[in-house]
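Step one of this worksheet: look at the structure below.
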Number of protein chains: 2
Amino acid sequence: MSANLPNLKHLQYLLALYQYQNFNRAADASFVSQSTLSSAILKLEEQLRCQLIERDHKSFVFTPHGEEVVKKARQIIVATTELSDYCRHYGTPFGGNLRLGSIPTIAPYLLTDLAEICQQQLPDVSLYLREDTTENLMRMLADGEIDVAILALPVPQHSFQQKVVGRDAFYITGNSALINKVKQDPDYHQLPQHSIFLLSQEHCLSEHAVSACNVEDQGLIHPFYASSLTTLIQMAHYHKGVTFLPQMAVDKGVVSQKDMALEKMPDDMYREIGLLWRTTSMRQRLFLKVSQLVTDLLDIEKIHKS
Amino acid sequence: MSANLPNLKHLQYLLALYQYQNFNRAADASFVSQSTLSSAILKLEEQLRCQLIERDHKSFVFTPHGEEVVKKARQIIVATTELSDYCRHYGTPFGGNLRLGSIPTIAPYLLTDLAEICQQQLPDVSLYLREDTTENLMRMLADGEIDVAILALPVPQHSFQQKVVGRDAFYITGNSALINKVKQDPDYHQLPQHSIFLLSQEHCLSEHAVSACNVEDQGLIHPFYASSLTTLIQMAHYHKGVTFLPQMAVDKGVVSQKDMALEKMPDDMYREIGLLWRTTSMRQRLFLKVSQLVTDLLDIEKIHKS
DNA sequence: ATGTCTTAATCACTATTTTTAATCAAAGAA
DNA sequence: TTCTTTGATTAAAAATAGTGATTAAGACAT
């Protein structure tokens with residue numbers, strides 16, 4: 001019935017070749033000789049009965065078909081690695097490496113606390129942290145480069161397991177006069193031109209803030225976009241404008257300038273925080289535990305606040 | 001970085017062993033000797049560093065952990081088989097074997113037409129049909145035993161790709177006097193005790209019909225449940241009761257008794273028909289084509305009807 | 001008790017596959 | 001030119017998979 005399936009090692013070599021686009025470097029990275037890698041690819045092509053790369057005497061390119069095969073091969077290797085890891089840590093489900101990714105508007109304010117709590121509650125887990133954009137983290141999650149992502153929801157269509165771990169309220173900060181104005185009448189359109197400062201496009205926080213406050217009007221928003229929360233605050237401060245901050249950043253005291261006002265926004269303005277992992281992962285128990293820890297963390301901050 | 005992954009062949013042997021629960025039979029089914037299979041399992045256990053089966057001198061049982069490994073191994077083998085199939089039929093995306101499953105209240109009325117249209121529109125596809133319950137078909141889909149399922153929606157939580165292909169109206173048929181009564185006043189509670197006949201539990205049609213008509217009242221429903229639509233009709237006929245039929249069955253003339261009335265139910269009483277396939281499949285183009293064919297089929301019947 | 005089955009594990013051996021080191025030919029670069 | 005870098009090729013070595021025969025241990029009938 002089922003046919004002659006390719007060798008997993010060969011699929012790994014294929015992935016390395018795709019990554020390095022060079023036989024020698026791919027071979028080095030795989031700790032095998034160049035000829036091993038070369039013949040593995042030939043063997044794969046023979047076995048699958050289709051051309052994966054187009055050879056051009058000196059160099060090569062992947063065929064469109066070859067790229068599809070790479071994608072699928074990656075899925076297979078990820079799944080098998082999951083199996084292997086699962087077995088290696090059987091008996092200690094709350095152990096092993098945990099590669100966790102988060103976005104720049106969460107990571108600095110949540111992960112230090114999380115790391116500390118993990119060390120207490122999950123002493124056998126080795127935590128590896130990674131900070132990147134939502135988009136990149138999703139790719140890394142799919143490719144098995146990280147195990148869990150902590151993101152601001154909602155996240156574009158995906159097929160991961162998702163667990164909501166809490167809400168993170170929005171705050172408005174900046175020039176006291178402007179803040180007071182808005183505090184009395186929460187209509188942002190009364191603000192001066194270019195007085196709202198935002199993070200650059202790739203940060204989902206801007207999106208959330210804009211949609212939460214109905215300030216799509218480009219005139220209000222300053223055309224220069226900051227690349228981190230700290231520069232964002234400094235910009236708003238320097239130019240006497242306002243900006244939006246998530247509660248977890250506020251709690252960590254990112255607003256230290258004395259002449260800056262800070263107001264919590266209405267209760268319905270918040271972002272949801274969620275944990276994501278591969279549906280196929282075999283470590284759901286650990287991830288659920290971690291999501292509980294994060295939930296507790298967010299709750300504690302909230303209680304502490306009130 | 002990534003470890004020493006198990007051999008796919010070994011995983012296949014493990015699946016065979018799980019299926020047959022016997023080394024000799026599993027070895028035969030895998031076309032290898034018993035010693036090969038035995039050492040493959042040992043090798044796997046050594047490589048994964050965990051016990052998969054508990055040996056009891058003469059026989060064995062899978063450990064709970066071993067069963068988890070089997071599940072994951074099945075995923076891996078399915079994915080790799082998809083890869084292999086995809087390559088084998090590269091260039092002819094509308095070719096190859098198509099193993100399609102459907103439920104007993106759809107299959108007999110839809111699949112003959114579908115088979116005919118497939119032969120015309122997809123001459124290079126070899127269609128294999130399979131009839132079973134929703135639950136079993138979902139398992140078979142997950143395990144790669146079939147490629148697509150045509151089911152009545154909604155289907156319990158799942159992680160398959162789903163495409164709605166049409167609506168199938170409900171009809172009521174049976175004793176003319178009862179049907180007339182209901183026709184004038186669509187309250188089913190006026191019907192005599194035990195006058196509503198249904199299919200047995202495992203057919204989702206009953207569920208849909210019951211929830212569509214609000215006849216949860218057990219008194220109305222006859223305690224004997226039919227196991228197919230034709231026996232269902234005969235039961236309703238013989239006992240002068242009524243029953244519900246899907247339009248596709250009606251269109252195929254399942255109600256031939258002269259003294260049986262047949263009425264279409266209100267427009268909002270229908271079941272949705274959907275195609276499901278593995279999200280991981282590499283043949284989405286084919287499946288979308290097939291779902292289009294089914295959509296057309298259901299539409300044509302509808303037009304033909306009106 | 002005794003012999004016969006059936007079970008999975010083990011052993012010595014062979015066949016196959018994978019990997020290697022060394023070499024080759026082609027294309028650029030210095 | 002000469003040197004380097006590219007991937008392919010070769011033959012030999014190493015690793016792995018597979019085989020048949022054998023073993024040990026329980027099940028079961030006589």
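Chain A is the first sequence line, chain B the second, and so forth, proteins listed ahead of strands; every chain is numbered from 1.
- In this structure, B/Tyr13 atom OH and C/dA8 atom C1' are separated by 17 Å, rounded to whole Å.
- B/Glu116 has its side chain out of reach of B/Thr112: every pair of non-hydrogen atoms, C-beta onward, lies at least 4.5 Å apart.
- By the ring pair (Phe, Tyr, Trp, His ring centres under 6.0 Å) test, B/Phe94 is found to be paired with no residue, residues two or more places apart in sequence or in another chain being considered.
- Non-hydrogen atoms lying under 4.0 Å from DNA chain D are contributed by B/Ser33, B/Ser35, B/Thr36, all within residues 33-42 of chain B.
- Look at CZ on B/Phe23: it is 11 Å from P on C/dT10, rounded to the nearest Å.
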Using distance only, find each side-chain donor-acceptor pair of residues 23-30 of chain A under 3.5 Å and give its atom names and separation, not counting sequence neighbours.
| residue | atom | partner | partner atom | Å |
| --- | --- | --- | --- | --- |
| A/Ser30 | OG | A/Ala26 | O | 2.8 |

* Test side chain to side chain contact (heavy atoms under 4.5 Å, CB included) on B/Val290 and B/Val148 and set out the steps. => CA-CA 10 Å; B/Val290 171; B/Val148 205; 5.8 Å; no
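- The side chain to side chain donor-acceptor pair (under 3.5 Å) pairs that include a residue from residues 134-150 of chain B are B/Arg99-B/Asp147, B/Asp132-B/Asn136, B/Thr133-B/Asn136, B/Arg139-B/Asp143, B/Arg139-B/Glu145, where partners are two or more places apart or lie in different chains.
- Rounded to an integer number of Å, the gap from B/Glu54 CD to C/dA8 C1' is 15 Å.
- For A/His65, the ring pair (Phe, Tyr, Trp, His ring centres under 6.0 Å) partners two or more places apart in sequence, or in a different chain, are B/Tyr86, B/Tyr90.
- The distance from atom CG of B/Asp28 to atom P of C/dT6 is 13 Å, rounded to the nearest whole Å.
- In this view, B/Tyr13 satisfies the ring pair (Phe, Tyr, Trp, His ring centres under 6.0 Å) rule with no residue, not counting sequence neighbours.
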* Could you run through nucleotides 25-30 of chain C and give me one letter per nucleotide, 5' to 3': B if any protein heavy atom sits under 4.0 Å from the base, S if only the sugar-phosphate is that close, - if neither? => --S---
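- Among residues two or more places apart in sequence or in another chain, the side chain to side chain contact (heavy atoms under 4.5 Å, CB included) test is passed with B/Thr279 by B/Gln161.
- Every residue meeting the side chain to side chain donor-acceptor pair (under 3.5 Å) condition with B/Gln284, not counting sequence neighbours, appears here in chain and number order: B/Trp277.
- Boundaries of the chain A contact region on DNA chain D are D/dT5 to D/dT9, first to last in 5' to 3' order (nucleotide atom under 4.0 Å from a heavy atom).
- Remark: A/Lys9 is in phosphate contact with C/dT19, judged by side-chain N or O atoms under 4.0 Å from OP1 or OP2.
- Rounded to whole Å, atom C1' of C/dA8 lies 9 Å from atom CG of B/Asn22.
- Between A/Lys43 and C/dT18 there is a side-chain N or O to OP1 or OP2 distance below 4.0 Å.
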Atom pairs and distances, donor-acceptor, side-chain atoms in residues 117-126 of chain A, under 3.5 Å, two or more places apart:
none

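- Nucleotide C/dT17 holds its P atom 15 Å from the CG atom of A/Leu5, rounded to whole Å.
- For B/Leu17 and C/dA9, the CG to P distance is 9 Å, given to the nearest whole Å.
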For residues 35-46 of chain A, which side-chain N or O atoms pair as donor and acceptor with protein atoms under 3.5 Å away, sequence neighbours left out?
| residue | atom | partner | partner atom | Å |
| --- | --- | --- | --- | --- |
| A/Ser35 | OG | A/Ser33 | OG | 3.3 |
| A/Thr36 | OG1 | A/Ser33 | OG | 2.9 |
| A/Ser39 | OG | A/Ser35 | O | 2.9 |
| A/Ser39 | OG | A/Thr36 | O | 3.1 |
| A/Glu45 | OE1 | A/Arg55 | NH1 | 2.8 |
| A/Glu45 | OE1 | A/Arg55 | NH2 | 3.0 |
| A/Glu45 | OE2 | A/Leu52 | N | 2.6 |
| A/Glu45 | OE2 | A/Ile53 | N | 3.2 |
| A/Glu45 | OE2 | A/Arg55 | NH1 | 3.2 |

